[in-house]
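Inspection log for the structure reproduced underneath, given as structure tokens.
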Amino acid sequence: MTATLLPRTHPGCAWLAAALVSPSTAHAEWQKDRLAPVPSTGTWRVFEAPLYPSIDALCVLRPSGDCGPVLGSPDARRAWWLVAAGTATVLDGLPGAVVHPAGWVLDCPAPGIGAGGRTWLHPPYGTGLLTPVRLLRAALVDALAVAR
């Protein structure tokens, strides 16, 4: 990849890198099409859920405009939603899902570029928009019910 395809000023990259002590390390990894470790600090936490119900939930939420970043791995059959730190516990108890604590590290590819078997199902755009957990919970409960 060249710097013209993924400038350091890409809004999604800048937003993710803002959580890091050394943003240049993440940018260097992304320039090499690699995953960069990004800890869930500050305003967001990572909610991990099964991939296929997450895709169904994403299809429901995306048209509303109320969808924040979602990272997916077909290999691991997992999705990682970035949600507001103070509201993440609303998602506790969903089957096959876990809310990770502050500081938990999510290995992320650059927005728009897949790496390490992961890709952004809905990338960060740099706006800081996070998926509202009540809407996410409702969409996932419906998707999990259909999957049974």
Side-chain angles (χ1 to χ4, degrees), residues 1 5-20 23 26-27 29-148:
M1 174 184 352
L5 293 176
L6 184 63
R8 289 181 178 267
T9 57
H10 182 285
C13 291
W15 183 79
L16 282 171
L20 303 172
H27 287 290
E29 291 302 306
W30 291 332
Q31 289 291 91
K32 297 173 189 169
D33 293 337
R34 294 184 188 159
L35 300 173
V38 180
S40 59
T41 58
T43 61
W44 55 270
R45 296 294 174 265
V46 177
F47 171 66
E48 183 176 343
L51 179 62
Y52 300 110
S54 289
I55 291 171
D56 291 341
L58 181 60
C59 289
V60 169
L61 295 171
R62 185 179 275 154
S64 72
D66 283 329
C67 193
V70 185
L71 182 63
S73 170
D75 297 339
R77 294 184 177 179
R78 304 299 289 168
W80 299 271
W81 298 76
L82 304 188
V83 299
T87 64
T89 57
V90 168
L91 298 164
D92 280 340
L94 287 173
V98 63
V99 176
H100 291 289
W104 189 81
V105 175
L106 180 62
D107 292 323
C108 301
I113 307 295
R118 294 181 178 197
T119 191
W120 289 99
L121 304 175
H122 193 82
Y125 293 111
T127 64
L129 176 67
L130 299 167
T131 305
V133 294
R134 294 199 188 283
L135 296 177
L136 175 55
R137 183 178 184 84
L140 276 173
V141 165
D142 288 348
L144 288 164
V146 170
R148 287 182 194 165

Do [X] and [Y] come within less than 4.5 Å of each other through their side chains, counting heavy atoms only?
X: R118; Y: L106; answer: yes
X: L58; Y: W81; answer: yes
X: F47; Y: V133; answer: no
X: V38; Y: W44; answer: yes
X: L94; Y: V141; answer: yes
X: W80; Y: S73; answer: yes

Determine the minimum heavy-atom distance between [X] and [Y], stating which atoms define it.
X: P37; Y: L20; answer: O-CD2, 3.3 Å
X: L129; Y: P69; answer: O-CD, 3.3 Å
X: H27; Y: A17; answer: NE2-CB, 3.8 Å
X: T41; Y: A19; answer: OG1-O, 3.6 Å
X: L51; Y: G72; answer: CD1-CA, 4.2 Å
X: A49; Y: S54; answer: CB-OG, 3.5 Å

*Passing candidate, side-chain contact (heavy atoms from CB on, under 4.5 Å) with P109, options T119, L71, D33*: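 With P109 as partner, T119, L71, D33 yield a single side-chain contact (heavy atoms from CB on, under 4.5 Å), made by L71.
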Working to the nearest 0.5 Å, report the span between [atom1] of [X] and [atom2] of [Y].
X: L82; Y: C108; atom1: CG; atom2: SG; value: 7.0 Å
X: R137; Y: D92; atom1: CZ; atom2: CG; value: 8.0 Å
X: D56; Y: L140; atom1: CG; atom2: CG; value: 9.0 Å
X: C67; Y: L136; atom1: SG; atom2: CG; value: 8.0 Å
X: L35; Y: I113; atom1: CG; atom2: CD1; value: 12.5 Å
X: C13; Y: Q31; atom1: SG; atom2: CD; value: 8.5 Å

*Where the side chain of W15 meets the backbone of Y125, is there a donor-acceptor pair that is under 3.5 Å apart?*
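Side chain of W15 to backbone of Y125: no pair is present.
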*Quick one: does T43's side chain have a donor or acceptor within less than 3.5 Å of a partner on A85's backbone?*
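Side chain of T43 to backbone of A85: no pair is present.
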*Within a radius of less than 6.0 Å around CZ of R134, do more than 12 heavy atoms belonging to other residues, nucleotides or ligands occur?*
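Atom CZ in R134 is not crowded, with 12 or fewer foreign heavy atoms closer than 6.0 Å.
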*Set of residues satisfying side-chain contact (heavy atoms from CB on, under 4.5 Å) with respect to R34, sequence neighbours excluded*: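 Per chain and number, R34 pairs via side-chain contact (heavy atoms from CB on, under 4.5 Å) with E29, K32.
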